[in-house]
Amino acid sequence: MADTTLTRRKDFLSVLDFDAADLERCLELAAQLKSDRSLGRHAPTADILDGHHIAMLFDKPSLRTRTTFEIAIRELGGHLVALQADVALGRREPVGDVARNLERWVDAVIIRTFSQDVLQEFAAAARRLHVVNALTDQEHPCQAIADFLTLQERLGQLRGRTIAYVGDGNNVATSLAHAAAMLGVHVHVASPEPYQLPHAVVQQATSVARHGARLRLFSDAADAVAGADAIYTDTWTSMGQEQEAELRRGIFGPYQVNEELMSLAKPGALFMHCLPAHRGEEVTADVFESDASVVFDQAENRLHGQKALLMMLLAPAAGL
Ligand code: CP
């Protein structure tokens, strides 16, 4: 039985809003919820969020995050308020006003938007409202929960493992680095110079690192993947960067994850991607479709991880 009686957290804007104990318990709870669901046991969680209204506001497209949060809310017995995109933060009325309206009606808001600063401004304006980051340009913390649930399933003990992230030092890489550091996992990030993980993220990861976890930056992908238990990549052109796509294809070419790069990692190394993927760009079709690929496990685990997250934020005393 997972212990969900934790310090109640208001928001999950960043993996850094959790401490290591929160993160480990979130993974433990997610694994339990997944196991129960596979046995058809939805009932124990069906009324946990009864009476809770949860709004979702997405300023950017989404398949996985939107679908899995909607199912998570429904399976926990909560009530979804799907806000239309025309509410877009800061364009019709000040961000803080949107937050102060919503806190009069709903218990939590799940937001996908551009700026982490805007998300923080929103959360700070509404002291009673729980706010969840469903992706900003800077961080993607819900993805990191699913990623480490997947790694835990495949590798068992996480501590001391090494993940190589190859490509753009973006929001996904940032949240991966934060979570890895807390869980005692080493991360090697290989990126071309202007697209390295920001220095501030390296400092943050270093400050929360446990069990000797190290974050190392590389410019050469082959150096980064040596000895890695998993190779992770993401699109070279994130949402909002479409006008740079051609330039980025040229710059990131040497960072493609292909069979040759996979062969330089540990034998049996996993391939990871948050999706959507672009075959022939950041990953070859061969690697994407190979037995090493766990990308659809990651996608499935978005559901279980986010159910656990919602329980921890909104019903921390609930046990299963
Ligand atoms: N990985 C991820 O966040 O997918 P979506 O953009 O489809 O939500």
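Bear in mind that the values here come from a model prediction, so they are computed numbers and not experimental data.
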Taking [Y]'s backbone N and O only, do any of them form a donor-acceptor pair with [X]'s side chain (distance below 3.5 Å, no angle check)?
| X | Y | result |
| --- | --- | --- |
| Arg64 | Ala299 | no |
| Gln116 | Leu13 | yes |
| His188 | Ala224 | yes |
| Asp229 | Arg161 | no |
| Glu28 | Cys26 | no |
| His52 | Gly78 | no |
| Ser191 | Gln196 | no |

Is [X] salt-bridged to [Y], cutoff N-O under 4.0 Å?
| X | Y | value |
| --- | --- | --- |
| Glu153 | Lys34 | yes |
| Asp137 | Lys60 | yes |
| Arg127 | Glu103 | no |
| Asp168 | Arg248 | yes |
| Arg210 | Glu24 | yes |
| Asp97 | Arg100 | yes |

Which heavy-atom pair separates [X] from [Y] by the least distance, and what is that distance?
| X | Y | value |
| --- | --- | --- |
| Ala72 | Lys307 | CB-CG, 3.5 Å |
| Asn133 | Glu139 | ND2-O, 3.5 Å |
| Arg66 | Ser62 | N-OG, 3.0 Å |
| Thr235 | Pro276 | CB-O, 4.4 Å |

With side chain to side chain contact (heavy atoms under 4.5 Å, CB included) as the test, pick out the partner of Leu135 among Val172, Asn171, Thr65.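 Among Val172, Asn171, Thr65, the one meeting side chain to side chain contact (heavy atoms under 4.5 Å, CB included) with Leu135 is Asn171.
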
Could you tell me if the side chain of [Y] sits less than 4.5 Å from the side chain of [X], heavy atoms only?
| X | Y | value |
| --- | --- | --- |
| Phe69 | Leu80 | no |
| Asp17 | Arg9 | no |
| Trp105 | His53 | no |
| Arg128 | Lys10 | no |
| Pro61 | Met239 | yes |

Checklist line | Whether over 12 other heavy atoms sit under 6.0 Å from Arg214 CZ | finding: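 At most 12 heavy atoms, drawn from other residues, nucleotides or ligands, come within 6.0 Å of this atom.
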
Original post:
Are there more than 12 heavy atoms of other residues, nucleotides or ligands under 6.0 Å from atom CD of Gln203?
Top reply: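 Count over threshold, so yes.
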
Please say yes or no: joined through hydrophobic side-chain contacts below 4.5 Å, possibly via intermediate residues, are [X] and [Y] part of one cluster?
| X | Y | value |
| --- | --- | --- |
| Val283 | Leu176 | no |
| Val132 | Met312 | yes |
| Ile231 | Tyr165 | no |
| Leu310 | Val109 | no |
| Val225 | Leu270 | no |

*In the hydrophobic cluster built from side-chain contacts under 4.5 Å, what are the other members alongside Phe218?*
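Same cluster as Phe218: nobody, lone residue.
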
**Report entry** Centroid-centroid distance, Tyr195 to Phe252, less than 6.0 Å
**Finding:**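 Under 6.0 Å, so yes.
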
Given the rule in the side-chain hydrogen bond (donor to acceptor under 3.5 Å, both in side chains) test, do Asp297 and Thr150 qualify, once you have shown the distances and angles that lead to the verdict?
CA-CA 6 Å; Asp297 289 346; Thr150 306; over 6 Å; no

Can you measure from [atom1] ([X]) to [atom2] ([Y]) and round to the nearest 0.5 angstrom?
| X | Y | atom1 | atom2 | value |
| --- | --- | --- | --- | --- |
| Leu129 | Arg104 | CG | CZ | 11.5 Å |
| Leu76 | Leu49 | CG | CG | 4.5 Å |
| Asn301 | Leu149 | CG | CG | 4.0 Å |

Original post:
Under the side-chain hydrogen bond (donor to acceptor under 3.5 Å, both in side chains) criterion, do His273 and Gln298 qualify, and how do the steps go?
Top reply: CA-CA 8 Å; His273 195 305; Gln298 291 172 262; over 6 Å; no

Q.
Checking Asp220 against Tyr255 for the side-chain hydrogen bond (donor to acceptor under 3.5 Å, both in side chains) test, could you report, in this order, the C-alpha distance in whole Å, the side-chain angles of both residues, the deciding distance, and whether it holds?
A. CA-CA 8 Å; Asp220 189 283; Tyr255 295 84; over 6 Å; no

Taking atom types as modelled and ignoring hydrogens, do the side chains of Thr68 and Gln306 form a donor-acceptor contact shorter than 3.5 angstrom?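 Side-chain D/A pair, Thr68 to Gln306: present.
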
Residues 286-294, side-chain donor-acceptor partners within the protein, below 3.5 Å, at least two apart:
from	atom 1	to	atom 2	distance (Å)
Glu289	OE2	Arg279	NH2	3.0
Ser290	OG	Val287	O	2.8
Ser290	OG	Ala292	N	3.3
Ser293	OG	Phe288	O	2.9

*Hey, mind stepping through Asp59 and Thr113 against side-chain hydrogen bond (donor to acceptor under 3.5 Å, both in side chains) and telling me if it holds?*
CA-CA 5 Å; Asp59 281 345; Thr113 191; 2.8 Å; yes

If you look only at distance, which donor and acceptor atoms sit under 3.5 Å apart when one is on a side chain in residues 88-96 and the other is two or more places apart or in another chain?
none

